[in-house]
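If you're wondering where the values come from, they're calculated on a predicted model, not measured in any experiment.
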Amino acid sequence: MSTPLVEMDGDEMTRVVWRLIKEILIKPYVDLKTEYYDLGLVNRNETCDKVTEQAALATKRLGVAVKCATITPNRQRVEEYNLKEMWKSPNGTIRRILDGTVFRAPILAKGIKSYVQGWAKPITIARHAYGDVYNCIEDAANAGESAFIVITDKNGNELRRKLIHTFGEGGGVCQGVHNTNKSIESFAKSCFSYALSQNLPVWFGAKDTISKTYDHRFKDIFEEVYEKDFKAEFEKRGLYYLYTLIDDVVARAVRSSGGFLWVCKNYDGDVMSDMVATAYGSLGMMTSVLVSPYGVYEFEAAHGTVTRHYYKYLNGEETSTNSVATLFAWTGALKKRGELDGNLSLVGFAEKLERAAIETIEAGFMTGDLIPLFESKTVKAQKLSTEDFLKKIAEKI
């Protein structure tokens with residue numbers, strides 16, 4: 001390696017897997033150069049979450065990052081870790097700063113069956129990575145209090161206000177979300193460009209019939225960008241762009257054979273990416289990359305910190321944690337670093353490491369989550385521990 005990539009460490013069992021992947025599968029073969037940031041919850045708390053912003057800005061500077069799964073604390077986590085406050089999602093902070101789109105696709109291996117039998121081809125999820133509930137402002141209201149949306153000019157003079165709700169007995173809660181035309185336009189361009197790079201049709205669903213201003217803005221901007229910049233090339237390749245309601249997209253997706261880019265707003269993408277990953281087999285078998293419109297890439301695992309396995313690990317019990325998504329975050333970052341630097345050896349190594357992981361599973365060696373999903377007339381599935389699975393991949397290399 002000539003140029004370092006940004007390394008963002010994480011929490012719990014994925015932090016353990018992170019270290020094992022580097023020790024067993026990367027450092028013996030790669031002169032690894034990284035700019036390290038500890039995004040573990042303890043360090044985020046000690047730095048008042050400044051470390052997350054520093055890591056995102058470093059990603060802008062170096063162009064490529066790889067991120068371990070991290071905890072987004074709730075009230076229980078605040079008590080467990082004695083936190084100063086309930087820190088926001090680090091992914092939300094990073095995505096806000098990079099203003100990118102998250103693309104998630106299943107990692108397919110022979111023998112791992114899909115729960116949706118008709119899905120013969122992968123469905124890639126494109127998730128908007130800015131705004132909505134992840135950058136929301138919310139508050140509780142008491143009985144008799146009212147909540148409003150208030151729009152002011154640049155000097156703070158009120159232009160208009162709309163009543164959200166006047167709360168009766170018992171009070172309630174309210175939430176304000178936002179998005180920007182610029183971010184939505186970047187989202188649209190990223191999605192259509194990615195679809196062309198993968199030769200995929202695009203399906204996009206929102207709820208413009210109910211959200212006649214917010215969701216309708218997404219619909220309008222996507223249509224404008226498609227008509228102006230992408231329609232001709234899509235039609236030339238025999239591809240298409242479909243916009244419909246989100247519930248209709250869900251129904252169409254379940255009936256489909258796969259093979260399309262499913263564009264989702266931020267929250268929809270958060271939910272649907274986990275659904276798609278699980279339907280194809282496992283949350284541990286999905287790639288995830290944040291692509292900024294400025295040519296910046298952040299690779300991560302598309303799942304959480306595997307808390308249950310971490311507690312077993314702390315008790316000295318053997319774990320069998322699926323590390324494939326975390327491993328593919330590393331290989332994705334190494335490939336992109338190699339591509340940007342013209343380092344074909346690094347690209348080649350990352351591709352071979354991915355093939356070694358898939359061939360290890362196809363040969364019947366896997367973690368416990370994949371055992372019930374594996375079907376083969378010639379190969380018997382064998383359950384391996386977290387570390388032994390990675391060592392088995394090393395044998396393939």
Side-chain angles (χ1 to χ4, degrees), residues 63-64 66 95 98 100-110 112 114 116 118-129 185-205 222-223 225-244 249 252-253 256-265 268-269 272-277 279-281 285-302 324-325 328-340 347-348 350-351 353-355 357-358:
V64 182
V66 58
R95 290 164 186 165
L98 298 183
T101 298
V102 177
F103 295 98
R104 290 183 169 175
I107 302 166
L108 305 183
K110 295 176 184 175
I112 303 297
S114 170
V116 182
W119 286 1
K121 294 171 286 187
I123 296 172
T124 302
I125 296 284
R127 174 186 172 189
H128 193 203
E185 184 176 345
S186 295
F187 179 41
K189 290 179 177 178
S190 295
C191 290
F192 291 129
S193 297
Y194 185 89
L196 287 176
S197 74
Q198 303 296 314
N199 213 41
L200 294 171
V202 173
W203 296 11
F204 180 28
F222 262 76
E223 188 65 31
V225 169
Y226 178 70
E227 290 287 337
K228 179 182 176 183
D229 299 326
F230 294 95
K231 183 177 181 179
E233 185 62 26
F234 266 64
E235 292 182 348
K236 180 180 176 181
R237 298 196 193 185
L239 301 174
Y240 62 91
Y241 166 55
L242 167 70
Y243 176 85
T244 184
V249 173
R252 287 171 181 260
S256 78
S257 59
F260 58 92
L261 180 68
W262 183 352
V263 176
C264 295
K265 289 169 56 207
D268 295 339
M272 294 305 171
S273 60
D274 279 15
M275 185 274 288
V276 167
Y280 276 103
M285 297 285 285
M286 198 172 206
T287 62
S288 181
V289 56
L290 174 71
V291 181
S292 162
Y294 313 107
V296 175
Y297 303 83
E298 183 233 355
F299 296 82
E300 62 178 346
V324 174
F328 271 62
W330 271 104
T331 56
L334 292 173
K335 276 194 293 185
K336 183 55 67 176
R337 181 78 278 164
E339 289 171 9
L340 296 179
V347 173
E351 290 175 343
L353 182 50
E354 289 179 352
R355 289 206 306 272
I358 296 301

Walk me through it: do W203 and V263 pass the test side-chain contact (heavy atoms from CB on, under 4.5 Å)? CA-CA 6 Å; W203 296 11; V263 176; over 6 Å; no
Has K336 got its NZ or CZ under 6.0 Å from the middle of the six-membered ring of Y297, at an angle within 45 degrees of the ring axis? yes
Quick one: does any side-chain atom of W262 pair with a main-chain N or O of G269 as donor and acceptor, under 3.5 Å? no
Show the numbers, then the answer: is there a side-chain contact (heavy atoms from CB on, under 4.5 Å) between I112 and Y280? CA-CA 8 Å; I112 303 297; Y280 276 103; over 6 Å; no
Would you find a donor on one side and an acceptor on the other, under 3.5 Å apart, between the side chain of S292 and the backbone of L98? yes
Answer yes or no: is there a side-chain heavy-atom contact under 4.5 Å between W119 and S257? no
Where do A350 and T331 come nearest, in terms of heavy atoms and distance? CB-O, 3.5 Å
Hey, what do you get for CG (L242) to CG (L261), rounding to the nearest 0.5 Å? 12.0 Å
Taking it one step at a time, do E298 and R95 satisfy salt bridge (charged side-chain N to carboxylate O under 4.0 Å, His left out)? CA-CA 9 Å; E298 183 233 355; R95 290 164 186 165; 5.4 Å; no
Test side-chain hydrogen bond (donor to acceptor under 3.5 Å, both in side chains) applied to E185 - qualifying residues, sequence neighbours left out: K189
Spacing of E223 atom CD and K228 atom NZ [to the nearest 0.5 Å]: 14.0 Å
Using 0.5 Å steps for rounding, measure from the CG atom of L353 to the NZ atom of K335. 10.0 Å
Could I get the full list of side-chain hydrogen bond (donor to acceptor under 3.5 Å, both in side chains) partners for R237, not counting sequence neighbours? E233
Just by modelled atom types, is the A301 backbone N or O under 3.5 Å from a matching donor or acceptor in the S288 side chain? no
Please report the interatomic distance CG(L200) to SG(C191), rounded to the nearest 0.5 Å. 11.5 Å
Plane angle bin for F222 and F187 - parallel if under 30°, tilted between 30 and 60°, otherwise perpendicular: perpendicular
If every non-hydrogen atom of A277 is compared with every non-hydrogen atom of M286, which pair is closest and at what distance? CB-SD, 3.1 Å
Euclidean distance, I125 CD1 relative to T101 OG1, rounded to 0.5 Å: 13.0 Å
Hey, what do you get for SG (C264) to CZ (R127), rounding to the nearest 0.5 Å? 9.5 Å
Can F260 and T124 be said to form a side-chain contact (heavy atoms from CB on, under 4.5 Å), step by step? CA-CA 6 Å; F260 58 92; T124 302; over 6 Å; no
Please step through side-chain contact (heavy atoms from CB on, under 4.5 Å) for the pair V64 and F299, ending with a clear verdict. CA-CA 8 Å; V64 182; F299 296 82; 4.3 Å; yes
With a 4.5 Å cut-off on side-chain heavy atoms, are F234 and P201 touching? no
For the student: nearest non-hydrogen atoms of G205 and V249, plus distance: CA-CG2, 3.7 Å
To check you understand the geometry: which heavy-atom pair defines the closest contact between A109 and M285, and what is its length? CB-CE, 4.4 Å
Quick one: closest heavy-atom pair of G338 and V347, and the distance? C-CG2, 3.6 Å
Parallel, tilted or perpendicular: rings of Y241 and Y226 (30°, 60°): tilted
Within a strict 4.5 Å, meaning less than it, do heavy atoms of the F328 and I358 side chains meet? yes
Looking at side-chain heavy atoms only, is the closest gap between T244 and R252 below 4.5 Å? yes
